[in-house]
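Report on one structure; see the data block that follows.
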Amino acid sequence: MWHLIGFDNLKICVKMLVKGKYRMEEWYNPADVEPRWQAYWQDHHLFKVTEDPEKEKYYLLEMFPYPSGKIHIGHVRNYTIGDVVVRYKRMKGFNVLHPMGWDAFGMPAENAAIDNNTHPAAWTYDNIRAMRAQLKKMGFSYDWDREIATCRPEYYKWEQWLFLKMLENGMAYRKESFVNWCEKCQTVLANEQVEQDKCWRCSRPVHQKKLWQWFFRITDFAEDLLVYCDKLPGWPDKVTVMQKNWIGKSVGSELTFQVAGMEAQIPVFTTRPDTIFGATFMCLAPEHPLVETLCKGTKQEKDVAAFLEKVAAQERSLEGLEKYEKEGVFTGRHCINPATGEEIPIYTANFVLMGYGTGAIMSVPAGDQRDFDFAKKYGLEIRVVVQPASPPLDPDTMETAYTGPGIMVNSGQFDGMDSEKAIETITDWLAEQGRGKKAVSYRLRDWGISRQRYWGAPIPVIHCPDCKVVPVSQKDLPIALPEDANLLEKGGSPLPTLDYFKQAVCPRCGRKDARRDTDTMDTFVESSWYYLRYCSPRFDQGMFDPAAVKYWAPVDQYIGGVEHAVLHLLYSRYFMRVLHHFGMIDFKEPFTRLLTQGMVCKETMTCPEHGYLYPEEARKEANETFVCTRCGKDVEIGRVIKMSKSKKNVVDPNELLEKYGADVTRLFCLFAAPPERDLEWSEDGVEGSNRFINRVWRLALACMQKIDTSQVTAFKGPAGDLKSQSARSLYIKTQQTIKKVTADIDESFHFNTAIAAVMELVNAVYTIDLDTSDNEIKAVVLSAMENMLLLLSPIVPHFCEELFEKMGHQGSILEQSWPTFRTDSIETDEVLVVVQVNGKLRARFSVAADTAEPAIKDAALADDKVVKHIQDAPVKKIILVRKKQILVNIVV
RNA sequence: GCCGAAGUGGUGGAAUUGGUAGACACGCUAGACUUAGGAUCUAGUGCCGCAAGGCGUGGAGGUUCAAGUCCUCUCUUCGGUACCA
């Protein structure tokens with residue numbers, strides 16, 4: 001057992017044993033206590049839940065992890081926060097659902113398989129096993145019977161089922177779109193596999209390849225998703241704001257420009273129809289379908305072709321767009337400005353995006369900086385149509401575009417009008433002539449779900465030479481991923497090479513040479529509905545048992561990293577709308593309350609020779625500086641940033657478990673910062689938590705030794721029944737602590753202040769001399785101790801179980817009710833009065849709580865220090881505020 | 001650029017609706033117990049000042065009897081996002 005005990009504690013234990021002064025029990029020994037209680041919880045099925053209509057339900061969920069190999073400290077923090085709330089809610093009498101599972105499909109499994117010559121499935125299941133064991137060691141209260149892994153056919157079968165239903169209802173469709181493609185590896189690359197426009201494996205240039213891909217029509221719900229952002233009071237504003245920005249609604253007009261000398265019309269979307277008279281040219285996106293038609297037969301044809309080729313090479317390098325200069329080329333054609341009737345040139349330009357609006361813009365150089373730069377570069381006309389109050393704009397001298405409001409000029413019958421009013425007036429005017437209409441544009445685009453990858457859920461469709469795309473038959477689900485496939489060395493999916501998987505009979509016409517779709521679904525699809533699956537994880541008649549979902553869903557409290565603020569959360573909200581649309585559920589929002597916890601951060605250490613160092617690679621010198629253990633050079637301590645393997649500023653949860661145990665680790669994660677803020681990791685801080693745990697431990701042991709529980713039981717009456725002042729004040733402190741901790745956990749999740757409150761109570765008990773013969777104070781101390789353990793039990797559960805048992809209680813502390821405080825014992829009988837003179841603190845004294853206000857004022861005025869500061873100035877006003885304390889402000 | 005959040009001692013962080021700024025903890029200092037201390041206990045610890053007192057919540061103004069908290073301007077840091085028409 002020796003290796004199980006933290007080494008530091010062991011060293012001390014041995015010393016003490018040798019000395020014969022202490023027994024082992026003087027310290028909390030996690031290696032002994034924690035596994036024992038974990039086994040107890042498991043043996044007694046304390047975390048198993050079923051629907052119980054008699055009890056109020058509470059569904060708490062933490063974002064499930066990707067089984068990457070090991071739990072990291074971010075998981076530990078996330079799941080500790082959730083576990084505290086769950087244990088609290090259970091003691092409050094709620095029927096709590098708290099499940100855990102695995103977001104088990106995804107690219108890292110494929111990469112690991114290639115690198116380690118294993119199989120993604122084997123790798124994934126091994127990792128799940130290891131991580132499950134770690135989570136159990138942390139003492140998290142999951143109902144493990146509900147565990148799911150999204151890579152199992154029993155799970156993704158229902159995802160395929162939903163896909164078919166969405167396909168049938170036009171909510172899933174296929175279109176051509178681009179992917180990153182590496183010619184050498186013959187594979188599709190994810191964005192993160194593209195490094196500086198090059199393939200991460202072979203460093204060859206990546207180019208864009210057009211493929212037919214599946215999409216979900218999330219844009220159908222753009223407005224609903226947006227509107228409901230304001231109906232999520234339990235979500236942090238920053239998340240709903242990010243979602244709103246992502247959806248990116250803009251209200252404006254769609255105006256139609258006739259191409260001169262051709263039958264074609266070009267619609268443009270603009271938020272500034274008031275500037276239409278200043279539109280002196282038009283720009284089309286290079287991918288715009290009209291570009292080639294327009295230039296055909298003009299002398300610009302060659303120039304345009306050259307430009308398109310150039311843009312194709314630079315396009316889509318994602319972050320890179322900013323690097324490229326705004327440029328364009330004349331298409332050789334003109335169109336007619338619907339307001340002025342003038343012919344204006346049509347350009348194609350690299351800063352216009354096909355994916356937004358209509359892929360074409362009207363360019364108003366005086367009113368848009370990009371258009372302005374473009375006009376300057378190509379010598380195009382700048383016409384001022386909105387004049388600010390002052391100074392007046394002159395197209396010849398202006399250096400930047402003016403985008404603000406003003407008075408309309410050069411705009412025909414609209415001259416003199418306020419430009420903001422003109423937005424609507426001009427749109428109406430153009431609408432009457434059939435040349436425009438009000439329009440709304442969203443930034444949000446449909447969700448592309450096809451992945452040309454192996455480790456994902458197969459898309460259940462068959463391609464038939466005659467019938468084209470045919471959904472597979474329901475009875476053939478799941479379309480199981482063949483688990484005996486070997487990953488291709490270059491990272492490509494083996495599915496298209498597996499004839500037995502690929503060959504299919506057309507479900508419609510029976511042709512034998514049909515081909516199964518070999519793409520798999522985006523892993524965000526799995527995570528968009530897993531929380532419903534937890535309600536009935538083994539249900540085999542559908543995605544979920546409607547009765548179970550009706551009882552448990554939606555999730556009352558969701559907890560996870562803010563990095564999922566947009567995609568995962570938006571897709572989940574979308575999925576609930578889809579299911580709602582199908583009448584499968586009666587709610588639209590999956591997560592009633594959301595907590596996004598902060599990152600876990602630590603300082604970095606850099607050696608001039610060896611780069612980033614792990615903490616154990618740096619040695620502390622006597623003068624508080626660090627040196628590299630390998631070369632002895634001075635180590636530079638960098639700033640505190642998010643823990644990451646690449647920066648080596650990490651702590652390993654396994655090491656923490658071994659050294660301090662689960663409870664100390666949990667305690668520190670909660671105490672160091674409130675959950676929504678970043679947590680700065682500090683070894684000293686962990687030591688502090690360890691010290692606190694042991695301080696309580698010793699206090700409890702001392703109580704057991706000094707208080708004979710056959711004579712004394714915990715006091716429960718009103719404070720007024722207590723004779724001694726010290727008993728009363730400790731009892732009131734206990735009641736106040738219950739109130740404070742309850743509020744901190746229940747309302748704000750501010751566990752750091754809850755813990756601080758308990759620390760205060762511990763400190764208060766420490767001041768009591770237990771060698772007294774006064775049984776009253778002992779009864780109050782017992783009450784303090786018992787409540788202390790109940791209050792701490794969600795935070796450090798093993799520790800509290802052990803002490804609770806030692807103090808003579810039967811069963812698990814989990815089955816105790818959460819303590820309530822006595823409203824008649826929350827106020828102290830003496831109140832502090834603070835006295836200010838002209839707002840500055842000058843004196844303080846105590847009075848009996850029931851002292852009348854005039855008496856308090858008199859006492860304040862009589863105070864020596866107050867008298868000194870007032871001197872002979874006349875008192876103008878006395879303000880008295882009665883809160884926790886009494887404040888008197890004397891204005892002279 | 002735009003959107004969002006945050007700036008409080010040597011450090012992490014506390015401060016209902018404006019009402020004692022710095023709870024609690026880390027660190028540090030001193031003492032006690034010790035052969036020993038990286039254990040434990042006790043006391044101290046915002047800054048300046050011998051003191052009286054003064055100054056203090058990124059900075060500058062303002063509202064108020066009273067401002068970390070409200071208003072205006074501004075600086076810095078972090079997060080998100082973008083040729084969005």
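Side chains are part of it too, since the values below use all heavy atoms of this structure and drop only hydrogens, waters and symmetry mates. Each chain gets a letter, A, B and so on, in the order the sequences are listed, and its residues count up from 1.
Counted by atom type alone, A:His750 and A:Glu676 present one or more donor-acceptor pairs between their side chains at under 3.5 Å. A:Asp446 and A:Thr219 form a side-chain donor-acceptor contact under 3.5 Å, judged by distance and modelled atom types alone.
One atom, CG of A:Leu861, and another, P of B:rC65, lie 19 Å apart when rounded to the nearest Å. Atom CG in A:Leu880 sits about 13 Å away from atom C1' in B:rA66, given to the nearest Å. Computed from coordinates, the A:Arg698 CZ to B:rC41 P distance equals 5 Å when rounded to whole Å. When rounded to the nearest whole Å, the span between CE of A:Met599 and C1' of B:rG80 equals 12 Å. In this structure, CH2 of A:Trp27 is placed 7 Å from C1' of B:rA39, rounded to the nearest angstrom.
Judged by the 6.0 Å and 45° rule, A:Arg695 forms a cation-pi pair with A:Tyr766.
Nearest nucleotide to the side chain of A:Val891, out of B:rC65, B:rG27, B:rA52: B:rC65.
Judged by Watson-Crick or G-U wobble contacts below 3.5 Å, the nucleotide B:rG12 has B:rC24 as its partner. B:rA51 is unpaired under the criterion used here, namely a Watson-Crick or G-U wobble arrangement in which both key atom distances are under 3.5 Å. For B:rU81, the paired base is B:rG1 (Watson-Crick or G-U wobble, both distances below 3.5 Å). Remark: B:rU76 base-pairs with B:rA6; criterion is Watson-Crick or G-U wobble with both hydrogen-bond distances under 3.5 Å. As the counterpart of B:rU42, B:rA30 is assigned, both hydrogen-bonding distances of the Watson-Crick or G-U wobble pattern falling under 3.5 Å.
Distance noted for atom P between B:rG61 and B:rG56: 11 Å (whole Å). Between the P atoms of B:rA67 and B:rG22, the separation comes to 16 Å (whole Å). Atom name C1', nucleotides B:rC50 and B:rG31: the rounded distance is 25 Å, in whole Å. Across B:rG79 and B:rA30, the matching C1' atoms stand 44 Å from one another, rounded to whole Å. Atom C1' of B:rG44 sits at a distance of 22 Å from the matching atom of B:rU8, rounded to the whole Å. Between B:rA52 and B:rU57, the distance separating the two P atoms is 22 Å to the nearest Å. Atom name P, nucleotides B:rA25 and B:rU63: the rounded distance is 41 Å, in whole Å.
In this model, the phosphate group of B:rA66 is not approached by any side-chain N or O of A:Lys877 to a distance below 4.0 Å at OP1 or OP2.
Relative ring orientation between A:His568 and A:His564 is described as perpendicular, the plane-to-plane angle rising above 60° on a 0-90° scale split at 30° and 60°.
At a threshold of 4.0 angstrom between heavy atoms, the contacts of A:His750 with the nucleic acid are absent. Using a 4.0 Å heavy-atom distance criterion, A:Asp371 is classed as making no nucleic acid contact.
Residue A:Lys739 qualifies as open at atom NZ: its count of foreign heavy atoms under 6.0 Å is 12 or below.
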